[in-house]
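Have a look at the structure below, then the notes.
Here the structure is a predicted model, which is why all the values come from computation and not from measurement.
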Amino acid sequence: MSEKRLSFKEMCAEFDVTPRTLRYYEYIELLSPEKEGRSRFYGPKELARMTLILRGRRFGFSLEDIRQWLMIYEKEGTEAQMREWIKLADTQMAELAEQKTQLEETMEELRALRDETAETLG
């Protein structure tokens, strides 16, 4: 049984990304599809990497952070990658907590101003 391989178009559809996004991920070396002539094919490794890339983006990681993290696996293996993931996740959770605090303060300020304005109107 052969490994699952997706064409460029299938990869875009599978992950709901634009061709431009997929080409950019290749350009910055997040993905390295197999090339046959002008066609590109994405095997299991690239599908797994794409899943991790999109998950990382959803959590707010930069593409550079994701690229560095994926490179750790290539150079140092799974354990080193997991240790780095914990550090990245801790840093990102702290940043998100700070953003949440700032957002809550902004919402409270807006709510107070809105209530004050509504009270002025009677």
Side-chain angles (χ1 to χ4, degrees):
M1 185 172 166
S2 65
E3 295 181 329
K4 181 178 180 181
R5 285 182 1 149
L6 298 180
S7 68
F8 184 85
K9 187 176 181 178
E10 291 169 332
M11 188 75 163
C12 289
E14 176 83 15
F15 290 98
D16 194 26
V17 295
T18 64
R20 183 178 179 181
T21 296
L22 197 52
R23 280 192 292 274
Y24 184 67
Y25 288 175
E26 289 176 33
Y27 176 75
I28 63 171
E29 299 177 350
L30 286 172
L31 298 172
S32 300
E34 298 171 32
K35 294 181 180 161
E36 294 175 12
R38 295 192 57 173
S39 299
R40 296 175 175 98
F41 293 96
Y42 302 83
K45 178 183 172 188
E46 299 309 308
L47 284 127
R49 286 174 71 95
M50 188 65 166
T51 299
L52 293 172
I53 292 164
L54 295 178
R55 188 176 295 157
R57 294 300 289 153
R58 189 169 61 90
F59 292 143
F61 293 107
S62 72
L63 288 174
E64 182 57 23
D65 283 343
I66 294 167
R67 191 176 75 73
Q68 293 291 329
W69 182 70
L70 291 171
M71 283 176 55
I72 290 169
Y73 176 76
E74 300 292 328
K75 293 178 179 177
E76 301 174 42
T78 304
E79 192 174 314
Q81 187 184 41
M82 286 194 278
R83 274 202 277 316
E84 184 61 23
W85 167 248
I86 290 167
K87 284 192 249 176
L88 283 169
D90 287 346
T91 301
Q92 188 64 10
M93 285 190 299
E95 192 171 310
L96 289 171
E98 177 60 29
Q99 289 175 8
K100 181 181 175 186
T101 299
Q102 290 174 5
L103 186 58
E104 287 170 346
E105 289 170 0
T106 301
M107 288 175 65
E108 188 53 44
E109 193 177 321
L110 179 59
R111 188 176 295 110
L113 185 57
R114 179 222 172 265
D115 292 350
E116 184 181 308
T117 304
E119 199 174 293
T120 301
L121 286 173

Suppose the criterion is salt bridge (charged side-chain N to carboxylate O under 4.0 Å, His left out): which pairs have a residue in residues 93-103, not counting sequence neighbours?
none

Do V17 and M50 touch side chain to side chain, with heavy atoms closer than 4.5 Å?
yes

Heavy atoms from other residues, nucleotides or ligands near CG of D115 exceed 12 (cutoff 6.0 Å):
yes

Common cluster, F59/I66, ILVMFWY with side-chain heavy-atom separation under 4.5 Å:
yes

Working to the nearest 0.5 Å, report the span between CD of E10 and CZ of F41.
8.0 Å

Nearest heavy-atom contact between C12 and L22 is SG-CD2, 3.7 Å

Separation of R114 CZ from M107 CE (nearest 0.5 Å):
12.5 Å

In terms of hydrophobic clustering (I, L, V, M, F, W, Y; side-chain heavy atoms under 4.5 Å; direct or indirect links), are F15 and L52 co-clustered?
yes

So do R5 and E34 actually touch side chain to side chain, heavy atoms under 4.5 Å?
yes

Could you tell me if the side chain of E26 sits less than 4.5 Å from the side chain of R40, heavy atoms only?
yes

Could you state the interatomic distance from CD1 (I86) to OG1 (T91), rounded to the nearest 0.5 Å?
12.0 Å

Is the CD atom of E109 crowded by more than 12 outside heavy atoms at less than 6.0 Å?
no

Does the E14 side chain pair with the main chain of L6, one donor and one acceptor, at a distance under 3.5 Å?
no

Single-linkage hydrophobic cluster, 4.5 Å side-chain cutoff, L70 and L63 together:
yes

More than 12 foreign heavy atoms under 6.0 Å from CD of Q102: is that the case here?
yes

Does the salt bridge (Lys or Arg N to Asp or Glu O under 4.0 Å) test come out yes or no for E74 and R49, once each step is laid out?
CA-CA 12 Å; E74 300 292 328; R49 286 174 71 95; 3.3 Å; yes

W85 and F61: aromatic ring centres closer than 6.0 Å?
yes

Check this for me: Y73, atom OH, are more than 12 non-hydrogen atoms of other residues, nucleotides or ligands nearer than 6.0 Å?
no

Dump the intermediate steps for side chain to side chain contact (heavy atoms under 4.5 Å, CB included) on R83 and E79, then the final yes or no.
CA-CA 6 Å; R83 274 202 277 316; E79 192 174 314; 2.9 Å; yes

Distance (rounded to the nearest 0.5 Å) between E29 CD and L31 CG
11.0 Å

Say whether Y24 and L30 are linked into one hydrophobic cluster, either directly or through other cluster members, by side-chain heavy-atom distances under 4.5 angstrom.
yes

Gap between atom CG of D65 and atom NZ of K87 - 0.5 Å precision:
12.5 Å

May I ask you to test the I53-R67 pair for a side-chain heavy-atom distance under 4.5 Å?
no

Within-4.5 Å side-chain heavy-atom neighbours: Q99 and L103:
no

Going by heavy atoms in the side chains, are L54 and Y25 under 4.5 Å from each other?
yes

Spell out, as yes or no, whether a donor-acceptor pair under 3.5 Å connects the side chain of E46 to the backbone of S32.
yes

Does any part of the side chain of R23, heavy atoms only, come nearer than 4.5 Å to the side chain of F8, both counted from C-beta?
yes

For the residue pair P33 and Y42, establish whether any side-chain heavy-atom pair is separated by less than 4.5 Å.
yes

Separation between CD of Q68 and CG of L88, rounded to the nearest 0.5 Å
10.0 Å

